[in-house]
Amino acid sequence: LGAARAAARAAGYEGAMFPWQSGSNGREETQQVHLNPKSGRWLPDHSRNQRHVNIAIAYNVWQHYLVTGSTSFLRFVGAELLIEIARFWASIATWNTDEGRYEIRGVMGPDEYHEGYPDSDEQGLRNNTYTNVMAVWVLQRALEALEVLPPHYRQELAAELTIGDEELD
């Protein structure tokens with residue numbers, strides 16, 4: 001979690017941004033170039049933009065809580081992960097004034113092959129449906145995790161993570 005928080009800050013985001021391919025220390029280890037075996041050329045590798053790995057972590061946390069019903073797990077491990085991943089998604093989303101909605105840009109979808117648009121210099125995809133829908137799911141689960149915690153746990157966690165009313169809104 002510490003390495004994921006540092007990675008988010010280094011990329012200009014809040015919360016925790018987990019790596020697509022992690023070393024034992026939690027650092028991103030995804031290659032930056034890869035060899036196309038067909039052409040023999042080295043090409044940029046943008047697969048580190050598969051930010052949906054964060055969604056998978058949040059999903060597993062929530063499934064663990066649902067299966068075990070452990071508010072202790074939620075209080076001391078799960079909710080912190082959910083909140084920090086939700087913070088990441090809230091910070092990577094940008095408001096599009098023209099469209100009147102938030103957008104997530106520069107990510108790769110879960111198919112691992114579409115890393116950008118043809119003839120575009122822009123890295124990643126804009127508003128990948130899976131990513132956008134599941135990012136909202138993560139935000140909802142983070143709020144729900146706080147709701148299901150007993151009040152004393154919720155207050156402790158809010159103080160530890162400096163969660164204010166404005167952020168919850």
Side-chain angles (χ1 to χ4, degrees), residues 1-37 41-68 70-94 104-116 122-126 128 130-146 149 153-154 156-164 167-168:
L1 183 55
R5 284 176 171 141
R9 283 191 304 277
Y13 303 120
E14 296 177 25
M17 182 179 75
F18 287 89
W20 176 241
Q21 295 178 345
S22 177
S24 60
N25 61 2
R27 185 180 67 217
E28 176 68 73
E29 296 292 343
T30 303
Q31 61 193 15
Q32 295 190 20
V33 293
H34 68 100
L35 178 65
N36 180 322
R41 293 182 313 152
W42 287 91
L43 303 169
D45 186 329
H46 302 294
S47 59
R48 68 184 57 244
N49 292 331
Q50 295 190 70
R51 305 294 180 213
H52 58 275
V53 68
N54 295 281
I55 294 165
I57 294 166
Y59 183 83
N60 289 336
V61 166
W62 192 248
Q63 290 303 305
H64 180 84
Y65 164 69
L66 290 178
V67 169
T68 65
S70 172
T71 55
S72 180
F73 164 77
L74 205 55
R75 163 57 183 101
F76 296 105
V77 178
E80 183 174 9
L81 282 165
L82 289 170
I83 290 162
E84 293 297 342
I85 293 169
R87 282 175 164 166
F88 164 73
W89 287 114
S91 71
I92 198 172
T94 57
I104 297 174
R105 302 171 70 107
V107 297
M108 286 180 65
D111 67 5
E112 300 184 27
Y113 296 102
H114 294 94
E115 61 180 34
E122 180 182 358
Q123 275 190 34
L125 303 175
R126 293 181 302 273
N128 169 272
Y130 170 83
T131 304
N132 284 17
V133 168
M134 291 305 292
V136 171
W137 181 89
V138 172
L139 293 165
Q140 291 172 330
R141 295 302 73 77
L143 290 170
E144 189 174 350
L146 288 171
L149 285 174
Y153 277 172
R154 187 176 331 126
E156 289 173 355
L157 190 60
E160 287 172 18
L161 299 179
T162 59
I163 302 168
E167 182 177 14
L168 293 174

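The figures here come from the full heavy-atom set of this structure, side chains too, leaving out hydrogens, waters and symmetry mates.
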Ring centres of [X] and [Y] under 6.0 Å apart?
X	Y	answer
Phe18	Phe88	no
Trp62	Tyr59	no
His52	Trp20	yes

Problem set entry | Member of Asn60, Val138, Ile85, Val133 meeting the side-chain contact (heavy atoms from CB on, under 4.5 Å) criterion with Ile55 | Val138
Taking the side chain as every heavy atom from C-beta outward, state whether [X] and [Y] have any pair of such atoms under 4.5 Å apart.
X	Y	value
Asn128	Met108	no
Tyr153	Leu74	no
Val61	Val77	no

Does [X] reach the main-chain N or O of [Y] with its side chain, forming a donor-acceptor pair under 3.5 Å?
X	Y	answer
Arg154	Leu149	yes
Asn54	Arg51	yes
Ser91	Glu14	yes
Gln123	Gly116	no

From [X] atom [atom1] to [Y] atom [atom2], the distance as rounded to the nearest 0.5 Å:
X	Y	atom1	atom2	answer
Ser22	Glu29	OG	CD	7.5 Å
Thr94	Ile104	OG1	CD1	8.5 Å
Ile92	Tyr13	CD1	OH	4.0 Å
Thr131	Gln50	OG1	CD	9.5 Å
Thr71	Phe76	OG1	CZ	9.0 Å
Glu144	Leu139	CD	CG	13.0 Å

Problem set entry | Ion pair check, Glu80 and Arg75, cut-off under 4.0 Å | no
Exercise. Should Glu122 and Arg105 count as an ion pair when the cut-off is N to O under 4.0 Å?
Worked result: yes
If you take all heavy atoms of [X] and [Y], which pair is closest and at what distance?
X	Y	result
Gly26	Pro19	O-CG, 3.5 Å
Ala145	Leu82	CB-CD1, 3.9 Å
Ile163	Glu167	CA-OE1, 3.8 Å

Exercise. With His34, which residues qualify under ring-ring contact (aromatic ring centres under 6.0 Å, His included), at least two apart?
Worked result: none
